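It should be emphasised that the depicted structure is a prediction, and the values quoted were computed from it without experimental measurement.
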Amino acid sequence: MANQFRVLYSDIGGVLGTNGWDSEIRKGTCERFEVDFEEIDKRHHLMFDSYERGFLRLESYLRYVFFGCDRKFTLDELTRYIYSCSVPWPENIQLFANVKKANQIKFGLVSNEGQGITEYRVDKFGLREVADFMVISHCVHMRKPDHQIWKLALDLAQVTPAESVYVDDREMFVQVALEIGFTAIQHVSVETTRQKFLDLGLRME
């Protein structure tokens with residue numbers, strides 16, 4: 001069965017490492033810098049779509065969201081803390097690298113991430129060494145669940161959804177990928193994802 005698959009696609013946050021800027025990280029950031037989370041979250045929701053689609057740089061997004069008034073911390077301190085919250089999961093990354101190599105298929109990333117955070121995470125997670133290509137929301141001005149971002153990922157590899165496996169930790173995005181025609185897996189743990197790969201006939205080594 002593995003021969004039917006030519007490309008393995010994956011999200012980054014929640015699959016290969018921690019998320020880059022989700023609600024839990026925002027809450028932790030607000031606690032760390034002693035600012036009101038509800039205020040920040042309201043401002044975040046006004047600006048985040050533009051940021052994640054690539055129409056705002058990280059510095060501009062943070063200024064709008066956090067610096068509407070004087071703060072006891074600097075933009076640089078805030079940015080460095082946000083970066084520090086990104087933690088790779090080496091066992092997960094190695095699993096995808098093994099599947100790619102053992103089955104001689106391409107590996108692509110399809111992720112909703114904004115400028116600044118993306119570049120930091122690509123370096124810290126070592127993603128250039130494992131992924132053949134990346135479709136990141138701020139680079140292409142589209143974000144999941146837009147069908148077009150998955151279509152772009154397919155077009156870049158010149159494959160069909162039936163020839164592709166997609167992995168994401170978010171159930172909704174898995175459902176969208178299934179509707180498009182991918183074989184889609186919801187990542188819950190490295191153990192369950194490894195077993196699902198095996199069930200599909202994908203080799204590990």
Separation of [Y] [atom2] from [X] [atom1] (nearest 0.5 Å):
X: Glu205; Y: Asn98; atom1: CD; atom2: CG; value: 7.5 Å
X: Glu113; Y: Tyr51; atom1: CD; atom2: OH; value: 8.5 Å
X: Glu52; Y: Ile136; atom1: CD; atom2: CD1; value: 10.0 Å

Check [X] against [Y] and note the closest heavy-atom contact, atom names and distance.
X: Tyr9; Y: Ala157; value: OH-CB, 3.6 Å
X: Leu154; Y: Pro161; value: CD1-CG, 3.6 Å
X: Gln4; Y: Ala162; value: NE2-O, 3.6 Å

Is the number of heavy atoms from other residues, nucleotides or ligands within 6.0 Å of [atom1] ([X]) greater than 12?
X: Glu34; atom1: CD; value: no
X: Arg170; atom1: CZ; value: no
X: Lys106; atom1: NZ; value: no

Might you work through the side chain to side chain contact (heavy atoms under 4.5 Å, CB included) test for Asn103 and Leu8, ending with a clear yes or no? CA-CA 10 Å; Asn103 298 277; Leu8 172 62; over 6 Å; no
Any donor-acceptor pair under 3.5 Å from [X] side chain to [Y] backbone:
X: Thr18; Y: Val87; answer: yes
X: Ser86; Y: Ile117; answer: no
X: Asp146; Y: Arg143; answer: yes
X: Asp132; Y: Phe107; answer: yes

Thinking salt bridges, do Glu77 and Lys72 make one under a 4.0 Å N-O criterion? no
Do NZ/NE/NH1/NH2 and the carboxylate oxygens of Glu191 and Arg194 come within less than 4.0 Å? no
Parallel, tilted or perpendicular: ring planes of [X] versus [Y], cut at 30 and 60 degrees:
X: Trp150; Y: His147; result: perpendicular
X: Phe197; Y: Phe96; result: perpendicular
X: Phe66; Y: Trp21; result: tilted

Phe5 and Phe182 aromatic centres sub-6.0 Å: no
Taking the six-membered ring for Trp, are the ring centroids of Tyr81 and Phe73 within less than 6.0 Å of each other? no
Might you work through the side chain to side chain contact (heavy atoms under 4.5 Å, CB included) test for Asp11 and Tyr166, ending with a clear yes or no? CA-CA 8 Å; Asp11 188 18; Tyr166 177 73; 4.1 Å; yes
Test applied, side-chain contact (heavy atoms from CB on, under 4.5 Å); reference residue, Asp168; option that passes from Gln186, His187, Lys144: Lys144
Could you go through Phe67 and Leu78, starting from their C-alpha distance and side-chain angles, then the distance that decides it, and tell me whether this counts as side chain to side chain contact (heavy atoms under 4.5 Å, CB included)? CA-CA 11 Å; Phe67 293 93; Leu78 177 63; 3.8 Å; yes
